[in-house]
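Dropping the structure in here first, questions after.
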Amino acid sequence: MGIIRYFDKFGRIVIPKELRDALHMKNESPVEISINGQSIILEKHSKLKGLHCLCSTFLKAYIETCGGVCVICSTEQVLAVRGVSLSTDIYLSPNVARRISQLETYLYDEKRPLTLTGNDKYLIEALYPIGTINAPLGAVILLHYGRTSHSQLVCAKLLASLLTELTLSN
């Protein structure tokens with residue numbers, strides 16, 4: 001059985017801090033509310049999540065054209081992956097999340113490696129942020145597996161630009 005909360009006289013409920021923390025939700029985080037049968041569903045809102053099918057299609061085209069390993073993520077977690085078996089519900093390392101929130105591009109540096117989850121297994125070759133300075137949304141990330149070509153980098157950057165434009169128009 002879950003936690004029981006009551007609506008106040010204005011129809012509001014408080015989501016317990018433990019649950020918000022478990023989902024990395026901050027105050028004023030947008031939430032999607034929907035109904036499924038007799039249940040009310042609350043989900044963290046992400047403009048990129050709404051483009052999930054499109055992200056998967058773009059990644060498929062990217063891999064078919066360029067090869068390699070490519071990931072699209074929100075500001076906090078992996079949303080879509082191609083080229084490697086990786087769960088889409090893992091959270092990003094704090095360093096990656098910070099770079100995304102500050103819209104910092106990253107290119108692999110042997111002296112200052114960046115890892116996707118904080119686990120050395122997933123070294124990042126390139127990170128191209130998605131969004132604007134007022135609304136960072138995520139990133140297109142190439143993982144470091146073998147040699148990355150110039151065309152792979154250019155296509156990943158283009159993919160990030162396309163996703164930024166698509167989210168601005170929604």
Side-chain angles (χ1 to χ4, degrees), residues 15 20 22-36 40-109 114-118 122-146 148-170:
I15 300 170
R20 294 190 318 264
L23 293 174
H24 299 93
M25 296 179 82
K26 301 174 184 102
N27 289 342
E28 300 184 21
S29 292
V31 177
E32 288 184 41
I33 304 170
S34 59
I35 295 174
N36 184 357
I40 297 172
I41 309 296
L42 299 173
E43 290 183 278
K44 285 175 64 172
H45 173 73
S46 166
K47 283 188 174 187
L48 284 179
K49 221 177 223 182
L51 296 173
H52 184 267
C53 288
L54 193 54
C55 288
S56 293
T57 301
F58 281 168
L59 279 183
K60 182 178 180 208
Y62 176 89
I63 295 301
E64 288 174 358
T65 305
C66 300
V69 179
C70 192
V71 177
I72 296 177
C73 58
S74 69
T75 56
E76 298 171 341
Q77 73 184 85
V78 172
L79 298 176
V81 182
R82 284 289 179 142
V84 69
S85 178
L86 181 65
S87 175
T88 57
D89 61 357
I90 61 170
Y91 285 92
L92 305 174
S93 73
N95 287 337
V96 172
R98 181 189 55 76
R99 283 185 180 273
I100 292 170
S101 68
Q102 295 175 357
L103 294 182
E104 289 181 22
T105 297
Y106 170 83
L107 295 174
Y108 180 72
D109 179 350
L114 184 63
T115 60
L116 187 67
T117 62
Y122 302 111
L123 280 174
I124 294 175
E125 180 69 33
L127 181 151
Y128 296 104
I130 300 167
T132 64
I133 198 71
N134 294 328
L137 301 172
V140 174
I141 296 175
L142 299 181
L143 294 182
H144 185 74
Y145 284 99
T148 303
S149 69
H150 179 70
S151 62
Q152 287 174 314
L153 295 172
V154 169
C155 287
K157 187 175 183 179
L158 174 64
L159 183 51
S161 295
L162 286 169
L163 288 168
T164 295
E165 291 302 318
L166 286 169
T167 55
L168 291 175
S169 64
N170 281 344

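Note that the structure is predicted; figures quoted are calculated from it, not measured. Excluded from the calculations below are hydrogen atoms, water molecules and symmetry mates; all remaining heavy atoms, backbone and side chain alike, are included. By convention here, the first residue in the shown sequence is residue 1.
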* Asked: What is the minimum heavy-atom distance between Ile133 and Leu103, and which atoms define it?
  -> N-CD1, 3.2 Å

* Heavy-atom check, side chain of Leu166 versus side chain of Phe58, under 4.5 Å -> yes

* Structure fact -> Distance col, row Leu123:CG vs Tyr108:OH, nearest 0.5 angstrom, shows 5.5 Å

* Look up atom OG1 in Thr75 and atom CD1 in Ile130, then write down how far apart they are to the nearest 0.5 Å. => 10.5 Å

* Is there a side-chain contact between Tyr122 and Thr115 (heavy atoms, below 4.5 Å)? -> no

* Taking atom OH of Tyr106 and atom CG of Asn95, what is their separation to the nearest 0.5 Å? ->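 Atom-to-atom, Tyr106:OH and Asn95:CG are 10.0 Å apart.
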
* Asked: What heavy-atom pair brings Tyr62 and Gly67 nearest, and what distance separates the two atoms?
  -> CE2-O, 3.5 Å

* **Minimum-distance pair of heavy atoms, taken over all atoms of Ser93 and Thr117** =>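 Heavy-atom minimum between the residues: CB-C, 3.6 Å.
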
* For Glu104 and Leu127, which heavy atoms make the closest approach, and how far apart are they? -> O-CD2, 3.3 Å

* To do: Please name the pair of heavy atoms, one in Leu92 and one in Cys73, separated by the smallest distance, quoted to 0.1 Å.
  =>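 Scanning both residues completely, I find the closest heavy atoms to be CD1-SG, 3.8 Å.
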
* Give, for atom OG1 of Thr132 and atom CG of Leu137, the distance between the pair rounded to the nearest 0.5 Å. =>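 These two atoms lie 7.0 Å from each other.
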
* Structure fact -> Between Ala160 and Pro129, the two heavy atoms sitting closest are CB-O, 3.6 Å

* **Option from Ile72, Val96, Val81 for which side chain to side chain contact (heavy atoms under 4.5 Å, CB included) with Ile141 holds** => Val96

* Asked: To the nearest 0.5 Å, what is the distance between CD (Gln77) and CG (Leu116)?
  -> 11.5 Å

* Supply the atom-to-atom distance Leu153 CG to Leu158 CG, rounded to the nearest 0.5 angstrom. => 12.5 Å

